[in-house]
Chemist: 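Dropping a structure here in structure tokens format, bear with me for questions.
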Amino acid sequence: MNKLKLVFATNNKHKLEEVQAMLTNFEIVSLADINCFEDIPETADTLEGNAILKANFITEKYGLDCFADDTGLEVEALNKEPGVYSARYAGENNNAEANMNKLLKNLENTQNRKAQFKTAIALNIQGKQFIFEGVCKGTILTEKRGDSGFGYDPIFMPDGFNRSFAEMNLAEKGNISHRGKAVEKLVTFLKEHHW
């Protein structure tokens with residue numbers, strides 16, 4: 001039986017690896033695999049909106065079934081910043097170190113360090129669109145810990161754990177992460193519909 005081929009609208013190889021590890025029954029290909037090297041605009045003011053923009057771009061331009069995600073880190077004491085701007089928090093160049101440093105600086109002398117990662121996934125399949133969401137609650141650490149993961153992983157400690165995301169392996173993180181939860185909903189949905 002042929003595996004269902006789905007485009008994951010991302011150029012982020014870390015995200016791709018995380019998702020491929022969870023969607024083993026499907027052939028997951030990246031934007032590079034379909035020769036899409038354009039910068040897909042993420043101009044919506046919500047995570048769901050950006051995921052939909054990216055998924056629709058691929059479906060309209062390439063005619064392929066696909067899914068796209070957008071993820072944001074929402075910090076309670078900063079009115080849910082950086083949120084939809086998480087990747088560009090410290091500037092347009094999408095620098096994880098600079099983003100983390102800015103966030104830690106903004107939280108100096110702040111007792112409330114509650115935060116949550118939120119992922120929205122838009123799936124376009126056979127002419128229909130479906131949205132899935134995953135949330136992982138946790139705390140922003142006062143310093144970076146661990147060297148795996150990406151983005152804000154070294155400063156985010158999920159509730160119930162004493163390690164940052166960057167101190168966990170892919171499987172551990174996948175079991176509890178926001179993206180893991182959203183992808184799990186996506187996988188369950190795809191299996192139930194026997195695609």
Chemist: With a 4.5 Å cut-off on side-chain heavy atoms, are Ile140 and Leu104 touching?
Modeler: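 Heavy-atom side-chain distance check passes, below 4.5 Å.
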Chemist: Sub-3.5 Å donor-acceptor pair from the side chain of Ser164 to the main-chain atoms of Phe156, do we have one?
Modeler: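 The answer is no, because no donor-acceptor pair under 3.5 Å joins these two groups.
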Chemist: Run the side-chain donor-acceptor check on residues 77-87: report pairs under 3.5 Å with partners two or more places apart or on a different chain.
Modeler:
| residue | atom | partner | partner atom | Å |
| --- | --- | --- | --- | --- |
| Glu81 | OE1 | Tyr89 | OH | 3.0 |
| Ser86 | OG | Leu73 | N | 2.9 |
| Ser86 | OG | Gly83 | O | 2.6 |

Chemist: So, does Arg179 use its side chain to make a donor-acceptor pair with the main chain of Glu18 at under 3.5 Å?
Modeler: no
Chemist: Side-chain donor-acceptor pairs under 3.5 Å in residues 35-44, sequence neighbours left out?
Modeler:
| residue | atom | partner | partner atom | Å |
| --- | --- | --- | --- | --- |
| Glu38 | OE1 | Lys61 | NZ | 3.1 |
| Glu38 | OE2 | Lys61 | NZ | 2.6 |

Chemist: If you count heavy atoms of other groups shown closer than 6.0 angstrom to NZ of Lys137, is the number above 12?
Modeler: no
Chemist: The test is side-chain hydrogen bond (donor to acceptor under 3.5 Å, both in side chains); show your working for Asn101 and Lys144 and say whether it passes.
Modeler: CA-CA 9 Å; Asn101 292 338; Lys144 298 167 199 157; 2.7 Å; yes
Chemist: More than 12 foreign heavy atoms under 6.0 Å from CG of Asn169: is that the case here?
Modeler: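 Yes, enclosed.
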Chemist: Could you tell me if Asn124 and Asp65 have a donor-acceptor pair between their side chains, going purely by distance under 3.5 Å?
Modeler: no
Chemist: Test your reading of the model: is there a side-chain donor-acceptor pair from Gln116 to the backbone of Val75, 3.5 Å cut-off?
Modeler: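 Between the backbone of Val75 and the side chain of Gln116 there is no qualifying donor-acceptor contact (under 3.5 Å).
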Chemist: Please work out which of the three classes, parallel, tilted or perpendicular, describes the rings of Tyr62 and Phe57, given edges at 30° and 60°.
Modeler: tilted
Chemist: Grouping I, L, V, M, F, W and Y whenever their side-chain heavy atoms are under 4.5 Å apart, do Ile121 and Leu190 come out in a common cluster?
Modeler: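 Hydrophobic grouping puts Ile121 with Leu190.
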Chemist: If we only count heavy atoms from C-beta on, is the Lys181 to Thr119 side-chain gap below 4.5 Å?
Modeler: no
Chemist: With rounding to the nearest 0.5 angstrom, report the OG1 to CD distance, Thr59 to Gln126.
Modeler: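 Those atoms lie 12.0 Å apart.
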Chemist: Taking Arg113 for the side chain and Thr139 for the main chain, is one N or O donor matched with an acceptor at less than 3.5 Å?
Modeler: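 A pair under 3.5 Å: no.
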Chemist: Relative to Phe165, does Lys173 satisfy both conditions: NZ or CZ under 6.0 angstrom from the six-membered ring centre, and within 45 degrees of the ring's axis?
Modeler: yes
Chemist: Side chains of Asp33 and Ser30: any donor to acceptor distance under 3.5 Å?
Modeler: yes
Chemist: If only atom types and distance count, is the side chain of Asn175 paired as donor or acceptor with the main-chain N or O of Glu172 below 3.5 Å?
Modeler: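 No; zero donor-acceptor contacts below 3.5 Å.
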Chemist: Compare all side-chain heavy atoms of Phe8 with those of Asp69 and state whether any distance is below 4.5 angstrom.
Modeler: yes
Chemist: Is the backbone N or O of His14 less than 3.5 Å from a side-chain atom of Glu17, with the two atoms forming a donor-acceptor pair by type?
Modeler: no
Chemist: Can you find a pair of side-chain heavy atoms, one from Leu23 and one from Leu186, that are under 4.5 Å apart?
Modeler: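 Yes - at least one pair of side-chain heavy atoms lies under 4.5 Å apart.
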Chemist: Do Phe26 and Leu123 sit in the same hydrophobic cluster, where Ile, Leu, Val, Met, Phe, Trp and Tyr count as joined when their side-chain heavy atoms come under 4.5 Å apart?
Modeler: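 Yes, it is one cluster - the side chains of Phe26 and Leu123 are joined through contacts under 4.5 Å.
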Chemist: With distance as the sole test, does Asn99 use its side chain to make a donor-acceptor pair with the main-chain N or O of Ala90 at under 3.5 Å?
Modeler: yes
Chemist: Is Leu47 close to Thr71 at the side-chain level, that is, under 4.5 Å between some pair of heavy atoms?
Modeler: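 Answer no - side chains too far apart.
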Chemist: Please examine the side chains of Val135 and Phe117, heavy atoms only from C-beta on, and report whether any two atoms are closer than 4.5 Å.
Modeler: no
Chemist: Using a 4.5 Å cut-off on heavy atoms from C-beta on, say whether the side chain of Leu31 contacts that of Thr10.
Modeler: no
